[in-house]
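Keep in mind that the numbers below use all heavy atoms, side chains included, and drop hydrogens, waters and symmetry copies. A, B, ... follow the sequence lines: proteins, then strands. Residue 1 opens every chain.
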Amino acid sequence: MKQKIAQLLIQAIEKIDFLVIDGVDMPAVAVERSRDPRHGDYASNLALTLAKQAKINPRELAAQIIAALPSDPAVVKVELAGPGFINFFIDPNAHHSIIKTIHELGPQFGLSQVGAGKKIQVEFVSANPTGPLHVGHGRGAAYGSAVANLLAAVGFQVHREYYVNDAGRQMDILATSIWLRYLEECGEVLSFPCNAYRGEYIREIAWSIHKDAGFEYRRPQALVLENIPADEAQGGDKEVHIDALIERAKTLLGPKLYRDFFQIGLDTILDDIKQDLHEFGVDYQQWFSERTLLNKGCVEQALERLRTSGYLYQQGGATWFASSRLGDEKDRVVVRENGQYTYFASDIAYHLNKLDRGFDQIIDIWGADHHGYIPRVKAAIKALGADSDKLTVLLVQFATLWRGDEKVPMSTRAGEFVTLRQLRGEVGKDAARFFYVLRRSEQHMDFDLKLATEKTNENPVFYVQYAYARVCSVLRQLDEKNGQRNWLLGMENLDLLSADLEIQLIHSLARYPEVLEKAALQHEPHQLAHYLRELAHEFHTYYNSHQFLVEEAPLRDARLNLICAFKHVLGNGLDLLGINKPESM
RNA sequence: GCGCUUGUAGCUCAACCGGAUAGAGCACCAGCCUUCUAAGCUGGGGGUUGCAGGUUCGAUUCCUGCCAAGCGCGCCA
């Protein structure tokens with residue numbers, strides 16, 4: 001309908017001589033749904049945008065456009081309003097046909113093909129496998145999977161991916177942390193480094209290793225701590241302290257035994273993350289290992305390409321990437337003085353790999369604290385000779401956690417954080433997902449656990465689910481009363497749905513495809529969430545003021561067809577957000 | 001100090017890439033269950049959109065400058 005009106009407007013403009021003669025530039029013809037019913041169903045600001053170029057009063061121009069407008073059976077009235085808006089009133093019967101469309105298309109209704117033929121990768125969460133996911137990751141998970149689902153709904157071929165940082169210093173700290181806890185299990189007495197991972201899950205892994213392997217990995221405390229520089233608590237440098245302990249672990253255990261700790265820690269935690277996300281309704285096409293990238297020599301290849309294009313140079317014993325020539329604020333080290341790659345080096349290789357896989361678009365979803373990282377990755381893509389516009393980085397602000405008036409401290413290293421699993425246990429998957437996705441991702445967010453746990457009844461997700469359950473309940477009632485339902489009869493009598501609330505609900509249902517497309521292309525699932533809440537509200541109001549299971553069959557069947565259409569749309573929307581559709585509550 | 005993000009009702013958030021009288025939820029007040037689930041509905045109070053300018057028919061939206069908050073500015077990830 002939007003397109004149809006735009007077409008009519010274009011035809012009208014082409015008939016107005018002075019616009020054609022003066023060669024006025026045509027703006028993209030904007031047709032919007034009216035917010036206020038008094039402004040009709042659709043409105044265009046075309047005259048307002050053209051008026052300046054045409055050097056004519058907007059209202060006068062609008063009047064001329066209206067006069068030149070071809071007639072169309074679906075358009076019953078056109079009005080000039082305000083400073084020069086053109087409002088279109090649509091034949092109500094034309095709206096009713098949307099119910100038929102929804103029933104015919106079912107789960108397909110609202111889907112579109114704007115992204116057809118395009119491969120798009122969405123990488124999200126990608127938390128280091130050094131501990132369980134916390135509520136900050138939960139937001140990225142809910143947001144990322146909703147974005148991915150939306151993109152798939154508008155036709156993109158979507159590839160969901162988790163980048164596993166299974167190489168690098170953090171993993172060494174993890175392995176060493178587990179080993180030290182293991183030594184404690186074995187009865188060795190040592191002070192635990194302040195920079196090691198202190199969470200309870202580390203003890204559990206250590207305990208389990210001790211249970212399976214006994215004392216095989218035990219080394220005496222004296223050997224472990226011999227000549228180790230002091231920790232921060234003793235006036236030393238915590239980084240130097242932990243690095244020394246990592247080296248000590250490697251030498252005392254040897255490569256093979258050390259690797260056991262590394263691998264068991266990684267496997268245990270990664271399995272936990274996978275399970276956690278799965279239970280949260282988040283699944284991936286691929287878990288991409290950083291270590292694999294290194295082992296295959298991809299990092300060296302990527303750097304070689306940069307070197308060939310003249311973007312690498314040596315300074316101070318390190319290898320630098322001249323990212324400042326491509327928009328970054330300074331150059332970045334890719335190979336350290338000690339010969340090791342930086343994290344950034346493998347990230348360059350990873351993005352090269354993404355490009356090589358032929359995605360038309362690449363979406364990275366990061367925590368907002370990484371925003372300073374964007375220019376250097378874009379610079380790397382440019383230096384590799386690719387189009388940096390292919391990469392879109394979407395940022396998710398961390399949630400600040402509160403328990404009532406008290407701020408909850410969050411520190412992965414210290415093991416002080418509320419895990420995603422705890423959150424799910426307390427408020428449930430559906431409430432958590434809806435709560436996360438109700439807000440724009442860049443918006444700072446206060447998450448009050450006390451409120452979320454104490455007042456789950458007031459969580460908006462129940463409101464929306466309740467609407468769904470109510471439709472199911474009506475249909476059950478019909479069954480119990482042995483009521484007949486004639487689908488065809490309902491379709492033939494859709495014009496009986498003439499109450500304001502019915503018209504309103506139908507309008508809203510018709511909007512769904514536009515909501516989906518916009519939410520998808522703008523990467524804003526909150527638009528869908530808000531829409532679903534409004535839709536549920538309109539249904540609840542309707543439910544409270546009209547009886548559906550009435551005696552007169554034509555009206556009853558028409559109403560049932562309407563609320564079933566509502567059920568379809570609401571259900572589709574909830575599916576995309578990864579929220580359950582309860583048949584009863 | 002520089003950069004990115006954010007600032008909208010008491011609180012949490014919307015506002016369709018510049019549109020018409022800035023909207024919801026929570027909280028507060030007053031009503032609605034012998035009728036398809038009251039986890040619901042109806043009505044009410046609530047606002048100088050951080051501040052000050054600018055751009056134009058028109059600004060919460062764009063530009064500039066301040067103010068405030070968060071984050072970033074490693075040979076960490």
Base, sugar-phosphate or nothing for [X]? Non-hydrogen atoms, less than 4.0 Å.
X: A:Ala467; result: nothing
X: A:Ser473; result: base
X: A:Ser34; result: nothing
X: A:Glu442; result: sugar-phosphate
X: A:Gln522; result: sugar-phosphate
X: A:Pro58; result: nothing

Distance in angstrom units between [X] [atom1] and [N] [atom2], rounded:
X: A:Leu395; N: B:G3; atom1: CG; atom2: P; value: 18 Å
X: A:Phe434; N: B:A24; atom1: CZ; atom2: P; value: 17 Å
X: A:Arg439; N: B:G7; atom1: CZ; atom2: P; value: 14 Å
X: A:Phe85; N: B:G58; atom1: CZ; atom2: C1'; value: 8 Å
X: A:Phe435; N: B:A14; atom1: CZ; atom2: P; value: 12 Å
X: A:Arg511; N: B:A15; atom1: CZ; atom2: P; value: 12 Å
X: A:Phe462; N: B:C26; atom1: CZ; atom2: C1'; value: 15 Å
X: A:Asp500; N: B:C41; atom1: CG; atom2: P; value: 18 Å

Original post:
Does NZ or CZ of A:Arg511 fall inside the cone over A:Tyr531's six-membered ring, less than 6.0 Å from its centre and within 45° of the axis?
Top reply: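 The answer is no, since A:Arg511 fails at least one limit relative to A:Tyr531.
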
Original post:
Is NZ or CZ of A:Arg325 both nearer than 6.0 Å to the six-membered ring centre of A:Phe321 and within 45° of the ring axis?
Top reply: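 No - A:Arg325 does not lie over the ring of A:Phe321 by the 6.0 Å and 45° rule.
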
Can you find a side chain N or O atom of [X] that sits less than 4.0 Å from OP1 or OP2 on [N]?
X: A:Gln443; N: B:A14; value: yes
X: A:Thr49; N: B:G18; value: no
X: A:His540; N: B:A38; value: no
X: A:Tyr463; N: B:C41; value: yes

Subject >> Heavy-atom donor-acceptor pair, A:Asn45 side-chain to B:A20 base, under 3.5 Å >> reply: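 Looking at the base of B:A20, it does not pair with any donor or acceptor on the side chain of A:Asn45 (distance under 3.5 Å).
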
Original post:
Can a donor-acceptor pair under 3.5 Å be found between the side-chain atoms of A:Arg38 and the base atoms of B:U21?
Top reply: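 Under the 3.5 Å cut-off, the side chain and the base do form a donor-acceptor pair.
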
Original post:
Salt bridge check: are A:Glu161 and A:Lys354 linked by an N-O gap of less than 4.0 Å?
Top reply: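 Here A:Glu161 does not pair with A:Lys354 in a salt bridge, since their nearest N and O are not under 4.0 Å apart.
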
Original post:
Could A:Glu239 and A:Arg169 be called an ion pair, given the rule that one side-chain N must be under 4.0 Å from one carboxylate O?
Top reply: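 Answer for the salt bridge query: yes.
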
Roughly how many Å apart are [M] and [N], using the [atom1] atom of each and rounding to a whole number?
N: B:U48; M: B:C41; atom1: P; result: 29 Å
N: B:G72; M: B:G53; atom1: P; result: 35 Å
N: B:A52; M: B:C11; atom1: C1'; result: 28 Å
N: B:A9; M: B:G25; atom1: C1'; result: 12 Å
N: B:G44; M: B:U49; atom1: P; result: 23 Å
N: B:G7; M: B:U60; atom1: C1'; result: 11 Å

Original post:
Strictly under 6.0 Å, is that where the ring centroids of A:Phe548 and A:Tyr542 end up?
Top reply: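 Yes - the distance between ring centres of A:Phe548 and A:Tyr542 falls below the 6.0 Å cut-off.
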
**OP:** For residues A:Tyr463 and A:His540, establish whether the separation of their ring centroids is below 6.0 Å.
**Re:**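 Between A:His540 and A:Tyr463, which both carry aromatic rings, the centre distance is below 6.0 Å.
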
Can you give me every donor-acceptor pair (side chain of residues 368-377 of chain A, partner residue at least two apart or in another chain, under 3.5 Å) with its distance?
| residue | atom | partner | partner atom | Å |
| --- | --- | --- | --- | --- |
| A:Tyr373 | OH | A:Asp347 | OD2 | 3.3 |

Original post:
When you check the side-chain N and O atoms of A:Tyr343 and A:Glu290, is any donor under 3.5 Å from an acceptor?
Top reply: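 Result is no, nothing qualifies.
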
Original post:
Does one side chain, of A:Asp430 or A:Gln465, offer a donor that lies under 3.5 Å from an acceptor on the other?
Top reply: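 Indeed, the side chains of A:Asp430 and A:Gln465 share at least one donor-acceptor pair under 3.5 Å.
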
Original post:
Which parts of nucleotides 71-77 of chain B does protein reach within less than 4.0 Å, heavy atoms only, written one letter per nucleotide 5' to 3' as B for base, S for sugar-phosphate only and - for none?
Top reply: BSSSBSB

**OP:** Determine which bases of RNA chain B form Watson-Crick or G-U wobble pairs with both distances under 3.5 Å, and write the result as a 5' to 3' dot-bracket string with | for other-strand partners.
**Re:** (((((((..((((.....[...)))).(((((.......))))).....(((((..]....))))))))))))....

Original post:
Passes ring pair (Phe, Tyr, Trp, His ring centres under 6.0 Å), A:His134 versus A:His137? Steps please.
Top reply: CA-CA 5 Å; A:His134 55 63; A:His137 300 128; 3.9 Å; yes

Subject >> Trace of the salt bridge (Lys or Arg N to Asp or Glu O under 4.0 Å) decision for A:Glu79 with A:Lys77 >> reply: CA-CA 7 Å; A:Glu79 262 182 13; A:Lys77 189 166 65 161; 3.3 Å; yes

Original post:
Starting at the 5' end of RNA chain B and moving along, which residue's nearest nucleotide shows up first, A:His39 or A:Arg533?
Top reply: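 By nearest-heavy-atom nucleotide position, the 5'-most residue is A:His39.
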
Original post:
Relative to the 5' end of RNA chain B, which residue comes earlier, A:Ala469 or A:Gly82, by the nucleotide with the nearest heavy atom?
Top reply: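 The residue closer to the strand's 5' end, by nearest nucleotide, is A:Gly82.
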
Original post:
For the side chain of A:Thr541, counting heavy atoms from C-beta on, which of B:A14, B:U42, B:U5 is nearest?
Top reply: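 Selected nucleotide (nearest to the side chain): B:U42.
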
